[in-house]
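A note on names: the letters A, B, ... follow the listed sequences, proteins ahead of strands, and every chain is numbered from 1.
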Number of protein chains: 6
Amino acid sequence: MKLSARNQLKGKIVGVTKGATTSHVKIDVGGGKVITSSITNQAVEELNLKEGDVAYAIVKASDVMIAVD
Amino acid sequence: MKLSARNQLKGKIVGVTKGATTSHVKIDVGGGKVITSSITNQAVEELNLKEGDVAYAIVKASDVMIAVD
Amino acid sequence: MKLSARNQLKGKIVGVTKGATTSHVKIDVGGGKVITSSITNQAVEELNLKEGDVAYAIVKASDVMIAVD
Amino acid sequence: MKLSARNQLKGKIVGVTKGATTSHVKIDVGGGKVITSSITNQAVEELNLKEGDVAYAIVKASDVMIAVD
Amino acid sequence: MKLSARNQLKGKIVGVTKGATTSHVKIDVGGGKVITSSITNQAVEELNLKEGDVAYAIVKASDVMIAVD
Amino acid sequence: MKLSARNQLKGKIVGVTKGATTSHVKIDVGGGKVITSSITNQAVEELNLKEGDVAYAIVKASDVMIAVD
């Protein structure tokens, strides 16, 4: 499957925290950068996401803001 | 100003493409990773964004999906 | 590639309208339902999206609101 | 009330799962398609959403990505 | 129609700028606050949005970030 | 830090509700308008958000829909 999303960052899962309905998954994408994702518990279970897995952080361009100092 | 957004990736602007109302800004965040952002022309002008500038790509955790191969 | 997104609606592309930087892609997902997507021109070109192609409309659960009459 | 959102899919609620602050609501929009929405518990209570109710899944065009096989 | 969105700010349209596919609509919600919305041209036409109209800016809670000085 | 986000509404925090992984923060932005934000618990802790604090509700223009009566 190929995605329209402009941002597809490959990395390794370094944390999965489950809440009541929502989980937080952290992906180390290299260069000291860790991306945090908030997804449903159901997605975590379906994809069987766990620490050490290779995964991608996917972000649509329209969801990226810019900041400057 | 400090932001709640979990993802604040520092990098250098490597491209600014203006459309009629919407611009695309590309930020090289290191490690061969370039983030594309779609923002208003007005924001590009107000922040005076241009190639070579240091900038941050800001993404809320709830806007990050996960994919696996 | 498997995605965390809870909503992955298969259909057929029935329209691609290109703007200056942003395109609108319409996907007929059956049952008289057409989904409109707003993505970058670059994504349209990279995926070579055109009328008649089979495609999926992908939506993260946190981007779905509910309305009642 | 009329909405700018391009995607307004009418259906029937087939599941409401409440978490600590966030609920997941599933809407069967016909043709075997079920949409999952993640909204606040407060919204679920205010709209009094429950299984069997007619409801709409509302999605802004800029929140729809496209995928192809 | 009642919406799950936590944020529904009533105001008056003070600007509509059309681009090639995307429009920017500005709503004065009072107290000197103007909200900018980026929506499809098609939505602007369908709702016949124009300066002086009463309208609501609608934002899902999961799309609101917090900042502090 | 300056942000591309078109909507940066200054106000006072009037409520912080923590869930298992997700918190809801309410900001009174004046004129009787209260904005609800859904962010990670981690963000609430890092920014040390609490009732009475001055804070900004930040919303990207592409996350604002329009409604009319």
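Looking only at heavy-atom pairs under 4.5 Å with chain D, the residue among C:Lys10, C:Arg6, C:Lys33 that has the most is C:Lys33. Chain C forms more heavy-atom pairs under 4.5 Å with one residue of D:Val54, D:Asp69, D:Leu47 than with any other, namely D:Asp69.
With salt bridges taken as basic N to acidic carboxylate O contacts below 4.0 Å, one links D:Lys18 and D:Glu45.
When heavy atoms are compared at a cutoff of 4.5 Å, C:Val29 approaches chain D by way of both its backbone and its side chain. Heavy-atom distances place both the backbone and the side chain of D:Ile35 under 4.5 Å from chain C. Heavy atoms closer than 4.5 Å to chain D are found nowhere in C:Ile13, neither backbone nor side chain. Residue D:Asn7 touches chain C through its side chain alone, counting heavy-atom pairs closer than 4.5 Å.
The two atoms that bring C:Val16 and C:Lys50 nearest to each other are CG2-CA, 4.1 Å, heavy atoms only. For the residue pair C:Asn48 and C:Asp53, the shortest heavy atom distance occurs at O-OD2, 3.4 Å.
Between the side chains of C:Asn41 and C:Thr21, no donor-acceptor pair of N or O atoms lies under 3.5 Å.
With hydrogens and angles disregarded, no donor-acceptor distance shorter than 3.5 Å links the side chain of D:Thr40 to the backbone of D:Thr22.
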